[in-house]
Amino acid sequence: MAVFALRRLLSAIPTLLIVTVIVFAMVKLLPGDPARLILGQEATPQALAELRRSLGLDRSLPQQYLSWLAGAVRLDFGTSLTDNSSVSRLIAQKLPVTLELSLFAMLISLLISLPAGIVSAVRRNTWVDRLLTLLALSGISLPNFFLGILLIYLFSIRLAWIPASGYTSLLENPGRNLLLLLLPAVTLGVGSAAVLTRYLRSSLSETLNQDYVRTAHAKGLTARQVTSKHALRNALIPFLTAFGLQLGGLLGGAVITEQIFSIPGFGRLLVDAVFTRDLPVIQGVVLVSAVAVFLVSFLVDLGYAAVDPRIRYN
Amino acid sequence: MRKSQFLMAFLSAACLSAACASAQTLTVGLDADPPRLDPALSTALVDRQVMNQIFDKLVDLDVNLKVVPALATSWKVTNGGLTYTFKLRSGVKFTDGTPLDAAAVKYGLDRNRTLEGSARKNEMSSVKEVKVIDPQTVQLTLSQPYGPLLAVLTDRAGMIVSPTAAKKAGADFQNNPVGSGPFTFVSRVRQDNITLNANKNYWGGAPKIDKLVYRPFTDGDVRYANLLSGAVQAITPIDPKDISKLEQNPKFSVLNYPGIGFQGIWFNVTRAPFNNKNFRQAVAATIDREAIAKSIFYGTVTPAAGPFPPGTAAASSAIKVQKPDIAVAKQKLGGKPLSFTLLTTPGSVTTQLAQVYQAMFAQAGINAKIEQVEFGTLLDRADKQDFDALMLGWSGRPDPDGNIYDFFVTGGTNNQAGYSNKSVDSLLAKARAQNAMSARVATYNVALGTIISDTPYTWVYFQRNLVASVKGLTGLKPIPDGILRFKDVDLK
């Protein structure tokens with residue numbers, strides 16, 4: 001198992017290097033001039049030249065890339081062009097917020113998708129299944145921004161139960177932290193739950209048709225025992241992959257949801273950085289999200305291998 | 001049932017505690033996260049909302065855009081407009097305890113005009129020297145007369161920073177700003193909030209509110225929803241579409257007052273097709289400014305005749321809003337086809353506006369293609385004169401010079417058209433050197449006659465300042481620069 005993990009990690013190094021080149025090139029390909037954006041309408045040509053020099057924008061691209069990469073491997077992504085603060089510090093401030101939001105959203109998603117997926121699969125083609133399928137399809141098609149605004153309208157404006165926006169850290173005030181994250185987590189969780197419900201339904205349905213399930217039934221086990229002890233465990237393997245993908249996506253920045261609920265997370269850091277052409281921040285955030293997605297899929301792979309030994313030997 | 005009751009109790013308890021904690025706190029929603037809280041480095045309008053509370057300026061503006069005393073209690077202009085002598089208020093201290101005397105004012109002004117990367121260099125370029133005469137007197141010597149100087153000092157150029165704090169923090173001063181204003185900086189979390197506390201020892205008396213929190217909401221609907229839900233007690237700006245809803249809502253009040261900026265279209269006069277004056281005039285003649293103000297902005301903007309909004313010193317009734325005239329436009333085209341690309345930034349209002357322009361141009365047979373690029377790119381392409389026509393406005397300055405000089409003088413930093421006219425150059429320079437406003441206004445009107453006929457730019461509308469707040473908030477003054485001052489504001 002340890003060899004498997006090590007091999008997976010080493011094979012990721014070239015991939016990550018390619019990612020750094022893409023991230024760097026992508027940001028450089030953006031049209032426009034960061035110095036012009038920072039200095040705004042009042043800039044004089046001398047001020048622009050001064051700023052470009054102090055930002056290192058007058059050096060060659062390979063030089064800029066190498067010095068950026070050298071910093072990045074030591075977790076130093078430079079300083080923000082907008083307020084001079086360290087990009088690593090900004091990321092360290094914002095990442096936990098998005099991490100917490102993502103985990104909360106995935107918890108909600110699990111609470112919905114596990115029972116819904118199981119019921120759907122066990123009661124295939126009954127009215128319950130059709131109803132759940134309909135709900136899941138609506139959940140998939142409902143855009144985040146729409147659901148978010150709808151929740152704000154209902155719970156913040158009409159009922160005035162939950163503040164419409166804001167963030168308090170978990171350490172500072174756990175109650176308020178959970179309260180403020182509830183609506184955004186539901187917004188994110190519902191979409192993901194809909195996808196996961198469909199996954200679980202199809203993988204569990206498939207498993208329930210396997211021979212060993214028929215054998216278990218023949219041994220005289222109750223339907224509940226067959227489903228929970230035999231079928232579900234196997235059906236959860238593909239579900240785990242889908243879960244990992246969903247979580248990875250959220251960590252990459254729940255951009256729209258963070259925007260709607262004004263949560264100072266990773267996604268908003270990125271959006272703001274794009275608007276203010278804050279290149280070091282864009283590069284840092286994109287690279288860290290790429291690594292986060294990679295880490296989640298790595299952990300999913302490990303989990304997978306732990307559950308199903310066949311994977312390790314391939 | 002019990003579960004849901006518990007949830008309700010939990011939720012309402014949390015909301016109640018939030019409401020209690022905010023009894024003395026005023027939270028204000030802005031449309032962007034202020035990037036740089038340093039008077040020397042700031043280039044964004046939204047920075048000024050926050051900095052105005054933290055820093056005192058040498059002089060300030062009143063609701064009629066008149067320059068009034070602030071840190072300077074009086075001033076004298078002598079030596080043919082070359083010497084400005086300011087008497088300072090005595091006994092003022094920065095919030096870090098440093099005394100605010102003539103030496104500190106000299107430090108602040110010199111920092112603004114010389115700091116590397118300072119965005120103030122251009123507007124303070126006429127200042128040759130700042131001298132300390134005695135602890136309460138500061139004297140500015142200019143290299144040439146510059147009438148707009150006082151107005152310039154009502155904004156960031158005149159903000160005085162604590163020398164102790166600025167020297168200690170260095171480049172990080174923007175994250176730890178210290179001034180002598182009615183509020184002191186406490187903390188900021190990017191994209192979340194900027195928190196200020198009342199300065200209890202403020203020379204003009206302590207503010208009535210204890211704490212002032214700014215929160216950025218880039219999306220207009222989200223900003224509006226937060227006001228409705230009580231998460232913030234004031235927002236600025238309001239999307240034009242929400243104005244009437246807020247005005248009809250008895251829980252809120254709306255302030256809707258003239259601003260000092262303008263919006264319109266630049267024509268690149270250095271290349272085809274708009275090196276042809278007739279083509280520029282033809283395009284300008286198709287625009288129905290009244291219709292735009294009504295249909296896109298719900299009447300929350302004023303059709304513009306020139307660079308000086310009504311209510312400002314240089315506004316003149318002699319210059320009329322141009323009426324659309326398709327016959328004139330066609331005649332100017334002289335049967336020649338005109339196609340060009342209109343450059344603009346993305347955003348729902350700019351997109352709508354560009355499309356309305358497109359339809360108006362089409363009435364005269366002018367074919368415009370819309371190209372959208374983000375703001376930095378737009379400015380960059382404007383610098384390189386790589387465009388046909390572009391939509392770009394200006395937030396405005398209290399002195400008329402700040403709305404015209406750099407835009408139309410040859411080689412001016414805001415002269416996006418590449419426009420150059422010797423007689424306009426000399427008129428604009430003359431207006432700058434005059435001290436009496438009436439004489440300056442007369443000079444501007446002569447210059448504007450030529451500029452409007454040459455049409456390197458066509459003015460379309462003047463923005464207004466739109467602020468919404470809860471009814472219990474009182475004491476906000478409608479000062480046309482659009483910056484809210486919270487010293488005398490009360491919240492019940």
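No experiment lies behind these values; they were computed from the predicted model shown. Per chain, numbering begins at 1; letters A, B, ... match sequence-line order.
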Cut-off 4.5 Å, heavy atoms of chain A, and the answer for Leu392(B) is side chain

- Would a line drawn from the ring center of Phe407(B) to the ring center of Phe262(B) be shorter than 6.0 Å? yes

Of Ala119(B), Ala171(B), Ala382(B), Ser395(B), the largest count of non-hydrogen pairs under 4.5 angstrom with chain A goes to Ala171(B)

| request: Classify the side-chain pair Thr82(A)/Asp278(A) by whether it contains a donor and acceptor separated by less than 3.5 Å. | output: yes

request  = Please answer whether the main-chain N or O of Phe173(B) pairs with a side-chain N or O of Asp38(B) as donor and acceptor at a distance below 3.5 Å.
outcome  = no

With a 3.5 Å cut-off and no angle check, do the side chains of Ser42(B) and Arg120(B) form a donor-acceptor pair?
no

Whatever's closer than 4.5 Å to a heavy atom in chain B on Ile263(A) counts as neither

What one should report as the nearest heavy-atom pair of Asn226(B) and Ala164(A) is OD1-CB, 3.6 Å

Under 4.5 Å to a heavy atom of chain A? For Arg381(B) that would be neither

Under a 4.5 Å heavy-atom criterion, the part of residues 86-93 of chain A in contact with chain B comprises Leu90(A)

Sequence neighbours excluded, the answer for side-chain hydrogen bond (donor to acceptor under 3.5 Å, both in side chains) partners of Ser192(A) is Ser109(A), Gln246(A)

If one checks every heavy atom of Glu50(A) against chain B at 4.5 Å, the contacting part turns out to be side chain

For Tyr405(B) and Trp394(B): C-alpha separation, side-chain torsions, deciding distance, then whether ring-ring contact (aromatic ring centres under 6.0 Å, His included) applies.
CA-CA 13 Å; Tyr405(B) 184 86; Trp394(B) 179 238; over 10 Å; no

Per-residue tally against chain B (heavy atom, under 4.5 Å) across Val274(A), Leu51(A), Ile260(A) peaks at Ile260(A)

Okay, Asn175(B) and chain A: the region with an atom under 4.5 Å from a heavy atom over there is side chain

Residue set satisfying side-chain contact (heavy atoms from CB on, under 4.5 Å) with Val286(A), at least two apart, ordered chain then number -> Val23(A), Met26(A), Leu270(A), Ile282(A)

Among Glu116(B), Lys121(B), Arg215(B), Glu123(B), the residue with the most heavy-atom pairs under 4.5 Å to chain A is Arg215(B)

query = Judged by atom type as modelled, is there a donor-acceptor pair below 3.5 Å linking the side chain of Thr350(B) to the main-chain atoms of Thr345(B)?
reply = yes

Sequence neighbours excluded, the answer for side-chain hydrogen bond (donor to acceptor under 3.5 Å, both in side chains) partners of Asp221(B) is Lys241(B)

Note: vs chain A, highest number of non-hydrogen pairs under 4.5 angstrom among Asp383(B), Asn122(B), Leu37(B), Asp406(B) is Asp383(B)

